[in-house]
Peer 1: 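Please find one structure pasted underneath; my questions will follow.
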Amino acid sequence: MRRAFAGLAALLMLAVVAQFFLAASGAFDTAPNDEAFQPHRALGGGVVLIAVLATAVAAVARMPGGLIGMSGLVAGLAVVQFVIRAIAAAFDGTGGSTTAGQLVFGLHAVNGLAILAVAGRIVRQARQLSRPAAPTRQAP
């Protein structure tokens, strides 16, 4: 079960890295608009689901509490991404994005970096815990 968690942790990390790629692809589109970010938004929901699944598998596999908590933290931070977007959109005026909305939306990228950092730490710890124990030598 620990190997399954390590696999889910790696999948989560891959999805988070893909999120940065999709965000950049949308931002640097020839005509960046709401439609250009649709794949980024869709995978965002996937990140939440993977993180929730990883948290459940970590609990079932009896991983250390800190690792279970970090998996849940990724799920929570991923949900916060949607909240940040909604708050930023609430600041937008009829003519487009306002300075306040842009500043709030900047937190979306900062939060994404936090998600990346926590996911990376989860992967490192999960890999260490999923490795078989080294055989011990007995004295003659």
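What you see is a predicted model, and the numbers here were worked out from it, not measured in a lab. Note: hydrogens, waters and symmetry copies are ignored here, and every other heavy atom, side chains too, is used.
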Peer 1: Over all heavy atoms of both residues, which pair between V57 and M1 is shortest? Give the atoms and the distance, please.
Peer 2: CG1-O, 4.2 Å
Peer 1: What pairs with L113 under side-chain contact (heavy atoms from CB on, under 4.5 Å), at least two apart in sequence or on another chain?
Peer 2: F20
Peer 1: Check A15 against V47 and note the closest heavy-atom contact, atom names and distance.
Peer 2: CB-CG2, 3.9 Å
Peer 1: Could you tell me the separation between the CG atom of L49 and the CG atom of L12, rounded to the nearest 0.5 Å?
Peer 2: 11.0 Å
Peer 1: Please report the interatomic distance CD1(I84) to CD(Q81), rounded to the nearest 0.5 Å.
Peer 2: 5.0 Å
Peer 1: Please report, to 0.1 Å, the donor-acceptor pairs under 3.5 Å made by any side chain of residues 114-125, with sequence neighbours excluded.
Peer 2:
none

Peer 1: Same cluster or not: are V80 and I50 linked, directly or through other Ile, Leu, Val, Met, Phe, Trp or Tyr residues, by side-chain heavy atoms under 4.5 angstrom apart?
Peer 2: no
Peer 1: How far does CG of L43 sit from CG of L22, to the nearest 0.5 angstrom?
Peer 2: 6.0 Å
Peer 1: Once rounded to the nearest 0.5 Å, what's the spacing between atom CD of Q19 and atom CG of L14?
Peer 2: 11.0 Å
Peer 1: Would you sort out whether F5 and L67 count as a side chain to side chain contact (heavy atoms under 4.5 Å, CB included), showing the intermediate values?
Peer 2: CA-CA 10 Å; F5 176 71; L67 202 51; 3.6 Å; yes
Peer 1: Looking only at heavy atoms, which two atoms of A88 and V104 are closest? And how far apart?
Peer 2: N-CG1, 3.8 Å
Peer 1: Is a side-chain N or O of T55 found less than 3.5 angstrom from the main chain of S71, in a donor-acceptor match?
Peer 2: yes
Peer 1: Measuring from H108:NE2 to H40:NE2, what's the distance to the nearest 0.5 Å?
Peer 2: 3.5 Å
Peer 1: If you look at every heavy atom in I68 and M63, which pair is closest and at what distance?
Peer 2: CD1-O, 3.4 Å
Peer 1: Do V83 and L73 belong to the same hydrophobic cluster, where Ile, Leu, Val, Met, Phe, Trp and Tyr are linked whenever their side-chain heavy atoms lie under 4.5 Å apart, directly or via other members?
Peer 2: no
Peer 1: Name all residues meeting the side-chain contact (heavy atoms from CB on, under 4.5 Å) criterion together with A100; count only those two or more places apart in sequence or in a different chain, and write none if there are none.
Peer 2: F91, T98
Peer 1: Please tell me whether L77 and M70 are part of a single hydrophobic cluster in this structure, the criterion being side-chain heavy atoms less than 4.5 Å apart.
Peer 2: yes
Peer 1: Hydrophobic clustering (ILVMFWY, side-chain heavy atoms < 4.5 Å, transitive) - are L107 and F105 grouped together?
Peer 2: no
Peer 1: List the atom of V52, the atom of A75, and the distance in Å for their closest heavy-atom pair.
Peer 2: CG2-CB, 3.9 Å
